[in-house]
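The structure appears below as structure tokens.
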Amino acid sequence: MQLIDPNHPAYQRLWVRVGIVAVCFGWAAVEIIGGDPFWAVISAAAGAYAFYMLFWTFKPQSAEPIVQPDAKGEDEAAETPAEKPSKEGQAE
């Protein structure tokens, strides 16, 4: 079961991936300082899993070029009227 999808566009920026891992390990430190080792282990495990998924198995995808529609396609779309819903069964 995959909890984090490393191919999701939200994880493309490095600072997002670093922030997620840092928050998990930071929370583990807060729990250790607070004296609750159970939640510290849970938070550290979440941080380790996030590190594995977002750094170890992360394969950056190249940015795809933005496709610009040609002018002819835009003119044809503007000239065709929008389809109106049928009025079958409705009283006029």
task: Following the transitive rule for hydrophobic clusters with a side-chain heavy-atom cut-off under 4.5 Å over Ile, Leu, Val, Met, Phe, Trp and Tyr, establish whether Val23 and Val30 coincide in one cluster.
output: no
Minimum heavy-atom distance between Arg17 and Gln12, given as atom pair plus value: NH2-O, 3.7 Å
Taking every non-hydrogen atom, the tightest pair across Phe25 and Ala44: CE2-O, 3.5 Å
- prompt: Is Trp39 reachable from Ile32 through a run of hydrophobic residues whose side-chain heavy atoms are each under 4.5 Å from the next?
  reply: no
field: Hphob cluster co-occupancy, Val41 + Ile33, side-chain heavy atoms under 4.5 angstrom
entry: no
query: Side-chain contact, heavy-atom cut-off 4.5 Å: Phe51 with Ile20?
result: no
field: Closest heavy-atom pair and its distance - Gly47, Cys24
entry: CA-CB, 3.3 Å
Shortest non-hydrogen contact between Tyr49 and Leu3, atoms and distance: OH-N, 3.0 Å
field: Nearest heavy atoms of Tyr11 and Val16, plus distance in Å
entry: CD2-CG1, 4.3 Å
message: More than 12 heavy atoms of other residues, nucleotides or ligands under 6.0 Å from OH of Tyr52: yes or no?
response: no
task: Enter the distance from Gln2:CD to Asn7:CG here, rounded to the nearest 0.5 Å.
output: 7.5 Å
- prompt: If every non-hydrogen atom of Ile4 is compared with every non-hydrogen atom of Ala50, which pair is closest and at what distance?
  reply: CD1-CA, 3.9 Å
